[in-house]
Amino acid sequence: MANDQDKILDEVTSGDYKYGFVTDIETDTIPKGLSEDVVRLISSKKEEPEWMLEFRLKAYRHWLTMEMPQWAHLNVPEIDYQEIIFYAAPRKKNPNSSEEIDPELKETFEKLGIPLNEQKILAGVAVDAVMDSSSVKTTFSETLSEHGIIFCSMSEAIRNHPDLIKKYLASVVPYTDNFFATLNCAVFSDGSFCYIPKGVRCPMELSTYFRINAANTGQFERTLIVAEEDSYVSYLEGCTAPMRDENQLHAAVVEIVALDNAEVKYSTVQNWYPGDKNGKGGIYNFVTKRGICRGKNSKISWTQVETGSAITWKYPSCILLGDNSYGEFYSVAVTNNHQQADTGTKMIHIGKNTRSRIVSKGISAGVSNNSYRGLVKVLKGSENARNFSQCDSLLLGDKCGAHTFPYIEVDNPTAIVEHEATTSKIGEDQIFYCNQRGLSTEDAVGLIINGYAKEVLNKLPMEFAVEAQKLLQISLEGSVG
Amino acid sequence: MLKIKDLHANIKGKEILRGINLEIKAGEVHAIMGPNGSGKSTLAAVLAGREIFEVTHGEVTFNDKNLLELSPEDRSREGLFLGFQYPIEIPGVSMVNFMKAAVNEQRKHRGLEQLSPADFLKMMREKKELVEIDSALTNRSVNEGFSGGEKKKNEIFQMAMLDPKLSILDETDSGLDIDALRIVANGVNKLKTANNASIVITHYQRLLDYIVPDHVHILYNGRIVKSAGKELALELEEKGYDWIKNGE
């Protein structure tokens, strides 16, 4: 029986990554390596104003003084920053026509399920499609601008909305924040900017789709979302990369600012290439995501489904500054084969009557390691803060690991902080019960996993939830007995 | 429908079934009784294909197919249903989704089309009424937080949904109060046709007040030591199992 179990485990964990193709397109790349000259070159490629270059250089000089953090429960091979190409952009075939997208690019995104033609797009979703270091196309910009909403690539925003960028960029994640965020400040290439004016409820889902295509490059995108008073926006992020034998670095920064009564919902389905069954290749995903509930009664909600990447290091966080503000973090993190994930959240309670809720569901299979790391911090002036955290781990097989590192720091006696944690295995009896009703083992596992992750999947927008359910099943295909 | 010939089975090297012979025809209800540890639940588990048991000898044919060669899911799809003694909880999976997946698997196996959501819900409603199960139960996750009695009723409900050829009810009566017992027994009786059969495994005569068996078998030490009509159950109730044990 043990053998059977191993066999089924192998089958389920060997599901293929279906986004692993490479687009054959001419790419404008710069020489590999990192220096002040490279930072200047990136800035000039982007035709940036002087102040932006100054910001980059300041960050770069600071980065030189920093060391890579070692506290995560991860085994990260040495990264040689002189071997990485820091800028790669698909080259336009015909530089004269500024409107048309290269058909190859169009096809790539269509293959990924992201049509860039507005007529074909899922109704109600606006997309910013980013390949390597630059934004390919942002759809529905015009429709959105009728509501005063700005949704464009970061490069455009720097050129066209310098006041907003100067005011908010790096206001949540400062350039000195951490090794990878600082690196991002120096070399970030593109990303999305989204601004929802006062009193506007964004009429459609906004989304950014990130695609790494070029070899040996790193991707360093930057997203900034600003929700003015009484506004609402739901934002989605998706990502994939080709299968390559070497590892590629992805170090992004996402910042969210929510003013009085504003609500921002940020959902991610992260599906970077995880490496092959033997742990070769895959994306190193070192991402800093943070939102600030600056206004009273504001709300920021993070939902993430993490199935990809060889290494994930990511803690979407909320700073609850405004009184009565609310932060949420819903996460499903799946690791299989040799994947490693150290992910969780930080909830920093500063304002009065602030509340936060954390629901983290880890699923480990193969020989992977999956850690939850979270901080709930209640500052002195934060009266009546409330937090509820629930961290569940599910193990498939007996060669994987699940770890939980919850930190709680409370400086105000009126706070109520609750933490619940469970670790479980998919029971052989649960699978047999499903078998007895006619379900195959694979279907049974899919059903059980989706049941386990339901609380988080329910938080995703509809089309995304269906996609995520399928993704969970594919990620674990062959991993259970 | 089911023919068991000299069936032997082990768990971890220990022989539990030591030569079972049994034949069940369509339209029949068989009761299997016996003291604790006699092998009743093992027999049910072996027939359903639970892997922790190893069949060392014997044959089982189910509708002319070699049952022992089939996977547990294929046995189910061929129409074998096991009502669990301890039904399993599956958190987060709604009864509706669970049953939809199960019913459609069975239909696929029989070459039928998938049910439309409307037809499926209609079927659920009818079966719920038939077995008198509380509507609220089917809106919850599979067996999660169900009381002992609710879990057993849920087994009967699933049996109604899947419409099996052969149902094996493993101590479905244990832990039930008299009202729940009546509901479970009524469900079984209502689902009975000339084309299906059931094996009712029980400790007590009590359930047989409601489900009238055509045959009663007494299992002891891994063998069927006595078979007779329904009067055997009454005799057993009166004399206790010592009568069987001593009689060996």
Side-chain angles (χ1 to χ4, degrees), chain A residues 1-9 11 330 332 359-363 390 392-394 420 422-460 465-466 468-470 472-473 480-481, chain B residues 11-12 44-45 47-54 70-95 97-110 140-144 151 154-155 157-159 161-164 167-168 170:
Chain A
M1 194 191 109
N3 274 339
D4 275 6
Q5 199 159 336
D6 286 348
K7 207 177 97 199
I8 300 172
L9 244 153
E11 280 166 16
Y330 286 88
V332 177
V359 177
S360 164
K361 305 266 183 182
I363 302 167
Q390 187 186 336
D392 297 332
S393 309
L394 189 66
E420 285 179 12
T422 65
T423 302
S424 50
K425 291 185 81 161
I426 287 194
E428 189 253 334
D429 52 357
Q430 284 178 325
I431 291 176
F432 180 70
Y433 193 72
C434 296
N435 288 157
Q436 214 301 307
R437 300 306 185 240
L439 303 178
S440 68
T441 298
E442 232 126 274
D443 289 346
V445 171
L447 202 68
I448 295 166
I449 296 276
N450 277 310
Y452 167 79
K454 191 171 164 193
E455 210 181 334
V456 176
L457 298 178
N458 280 349
K459 287 277 162 182
L460 289 173
V466 176
Q469 272 188 18
K470 277 191 235 149
L472 283 187
Q473 209 144 343
V480 193
Chain B
I11 182 164
K12 291 174 188 156
L47 292 177
R50 187 121 208 191
E51 284 182 12
I52 47 172
F53 297 98
E54 189 197 351
L70 299 176
S71 67
E73 57 269 33
D74 278 337
R75 296 181 194 200
S76 165
R77 293 165 190 166
E78 285 291 323
L80 186 144
F81 177 89
L82 174 64
F84 283 62
Q85 185 177 3
Y86 303 107
I88 309 298
E89 299 189 4
I90 308 177
V93 178
S94 71
M95 269 311 290
N97 280 343
F98 183 64
M99 274 294 101
K100 199 158 82 192
V103 167
N104 280 329
E105 278 302 328
Q106 309 269 353
R107 291 180 68 88
K108 197 161 89 189
H109 189 74
R110 293 171 203 176
R140 287 160 53 182
S141 294
V142 179
N143 292 323
E144 196 187 24
K151 283 182 182 171
N154 194 22
E155 294 292 291
F157 167 66
Q158 293 178 49
M159 176 176 147
M161 290 294 288
L162 298 178
D163 190 21
S167 328
I168 304 167
D170 187 8

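For clarity, every value in this text was computed on a predicted model and none was experimentally measured. Convention: sequence-line order gives letters A, B, ...; per-chain numbering from 1.
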Contacting moiety of B:L82, where chain A heavy atoms sit under 4.5 Å: both
Looking only at heavy atoms and a cut-off of under 4.5 Å, which of B:P164, B:S76, B:A48 has the most pairs with chain A? B:S76
Is there a side-chain contact between B:V93 and A:Y452, using heavy atoms and a 4.5 Å cut-off? no
Side-chain contact test, heavy atoms from C-beta onward, threshold under 4.5 Å: evaluate it for A:F432 versus B:E51 and give yes or no. no
Segment of A:Y433 engaging chain B (4.5 angstrom heavy-atom cut-off): both
Does the distance from a Lys or Arg side-chain N to an Asp or Glu carboxylate O, for A:R437 and B:E155, drop under 4.0 Å? yes
From SG (A:C434) to CD1 (B:I88), nearest 0.5 Å: 9.5 Å
At what distance, to the nearest 0.5 angstrom, does CG of A:D429 lie from OH of B:Y86? 13.0 Å
For residues B:I90 and A:L447, determine if any side-chain heavy atom of one lies less than 4.5 Å from a side-chain heavy atom of the other. no
Rounded to the nearest 0.5 Å, how far does OG1 of A:T441 lie from CD of B:E73? 5.0 Å
For B:F81, is it the side chain, the backbone, both, or neither that has a heavy atom closer than 4.5 Å to a heavy atom of chain A? both
Looking at chain A, which one of B:R77, B:R75, B:R50, B:E105 has the largest number of heavy-atom pairs inside 4.5 Å, strictly under? B:R50
With chain B as the partner, which of A:Q436, A:Q430, A:K454 has the greatest number of non-hydrogen pairs under 4.5 Å? A:Q436
Heavy-atom cut-off 4.5 Å, strictly under: side chain, backbone, both or neither for B:E89 against chain A? backbone
Tell me, side chain or backbone of B:V103 under 4.5 Å from chain A's heavy atoms, or both, or neither? neither
